[in-house]
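See below for the structure under consideration.
Just so you know, ligand 1 is whichever comes first in the structure, and atom 1 is the first atom listed for that ligand.
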Amino acid sequence: MDERIILALDFQTKDEVVNCLASLENQVRYVKVGLELFYAEGSAIVSLLKEQGLKVFVDLKIHDIPNTAKGSMKSLAKHGADMVNVHVAGGLAMMEAAREGLEQGISAGSTSPLLIGVTMLTSSSQQMMNEQILIPGRLEETVAHYASLASQAGLDGVVASPLEVPIIKQVTRTNFLTVTPGIRTVGSAFGDQTRVTTPVKAFELGTDYIVIGRSITQAEEPAKAWADMMKSIREGK
Ligand code: C5P
């Protein structure tokens, strides 16, 4: 089982989650609970997945004033997640407050979850960034700047597209992690994602964790899609 591959459980019910994991025949080691599932099932879903021995990335993308970010992280820390995240766009003070909240919230003796910053969503394009949210320049430059800000705030890594991993590694400290959605197996639909690549290419670019959802969960045969992906990663093609 490869801990570097995080399966996005974007479902609305616990039953769908249980069925999905059963169909994948316990091949998965790391899963992601996003807003869709967390809002539907609450924190109980995190406990359920942890009880099954899985590692859990709770992807709630906190973006609020520092005091609220700190409080959110303090509450979230109690659920036993292995990875949580905030938007870098919230700024240095917010990221530092989130870290503080996380440290305060974990129970004595347990290790803090990895705290990861979201740079630019992998569904965003440069045109959207320039014309709608009025951030000028190249998207890679914004992502690199956000990554160095997250590094400065003491975060453990960032979420970005795999295409931006090389530049992120250049501007951040050693061991700073990259977590990359925007992953599509060969031939599967992009959907709403724009900055995408394959699992093999993502690892070639130096990513630490890939996040993959619909290419597996919505495949006609999820177990086969997973097995094919693992084979391509092992063979590097
Ligand atoms: O189905 P797909 O592989 O596109 O799923 C990607 C997952 O990663 C989704 O759960 C999405 O919310 C999440 N994500 C993302 N881009 C980010 C941060 C998280 O796609 N920047």
Side-chain angles (χ1 to χ4, degrees), residues 4-12 16-17 20-21 24 28 30-41 45-46 49 54-63 81-90 95 114-126 128-129 133 135 139-140 142-147 149-150 155-165 167-168 177-203 205 207-220 222 225-226 228-229 232-233:
R4 302 173 304 160
I5 302 164
I6 304 178
L7 182 69
L9 297 173
D10 290 322
F11 296 111
Q12 303 219 339
E16 287 170 284
V17 169
C20 172
L21 293 173
L24 290 170
V28 182
Y30 215 139
V31 293
K32 182 175 86 67
V33 174
L35 294 164
E36 182 177 356
L37 183 58
F38 197 88
Y39 285 149
E41 294 285 354
I45 195 74
V46 179
L49 294 165
L54 295 164
K55 295 188 87 170
V56 184
F57 171 17
V58 181
D59 175 23
L60 300 184
K61 301 186 180 69
I62 308 291
H63 188 177
D82 298 280
M83 187 185 287
V84 296
N85 59 0
V86 294
H87 269 284
V88 177
M95 289 188 278
L114 294 171
L115 179 58
I116 304 294
V118 179
T119 56
M120 292 297 289
L121 296 172
T122 42
S123 53
S124 305
S125 64
Q126 182 165 303
M128 177 279 201
M129 187 185 87
I133 55 175
I135 300 176
L139 189 139
E140 289 73 22
T142 302
V143 170
H145 173 64
Y146 278 24
L149 210 58
L155 266 55
D156 298 296
V158 284
V159 183
S161 161
L163 306 171
E164 290 127 26
V165 169
I167 185 143
I168 292 169
L177 300 168
T178 48
V179 180
T180 59
I183 301 290
R184 289 292 177 266
T185 52
V186 178
S188 62
F190 280 21
D192 54 355
Q193 299 282 22
T194 59
R195 302 184 344 263
V196 303
T197 191
T198 63
V200 172
K201 186 74 186 154
F203 285 121
L205 288 165
T207 192
D208 297 288
Y209 295 93
I210 63 169
V211 176
I212 185 160
R214 287 163 289 182
S215 283
I216 304 294
T217 56
Q218 303 304 316
E220 260 174 45
W226 181 270
D228 289 349
M229 175 184 72
S232 68
I233 292 171

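Looking only at side-chain heavy atoms (C-beta outward), Thr180 and Leu205 stay at 4.5 Å or farther from each other. Side-chain atoms of Phe38 and Val46, non-hydrogen and from C-beta on, do get closer than 4.5 Å to each other.
Of all heavy-atom pairs spanning Pro199 and Ile210, the tightest one is CB-CD1, 3.8 Å. The two residues Glu36 and Phe11 come nearest to each other via the heavy atoms CG-O, 3.6 Å.
Using a heavy-atom distance under 4.0 Å as the criterion, the protein contacts of ligand 1 are Ala8, Asp10, Lys32, Asp59, Lys61, Leu121, Thr122, Val159, Pro181, Arg184, Gln193, Val211, Ile212, Gly213, Arg214.
Legend: residues meeting side chain to side chain donor-acceptor pair (under 3.5 Å) with Ser161, ordered by chain and number and at least two apart, are absent.
Among the candidates Glu140, Gln126, Glu164, the single residue satisfying the side chain to side chain donor-acceptor pair (under 3.5 Å) test with Arg195 is Glu164.
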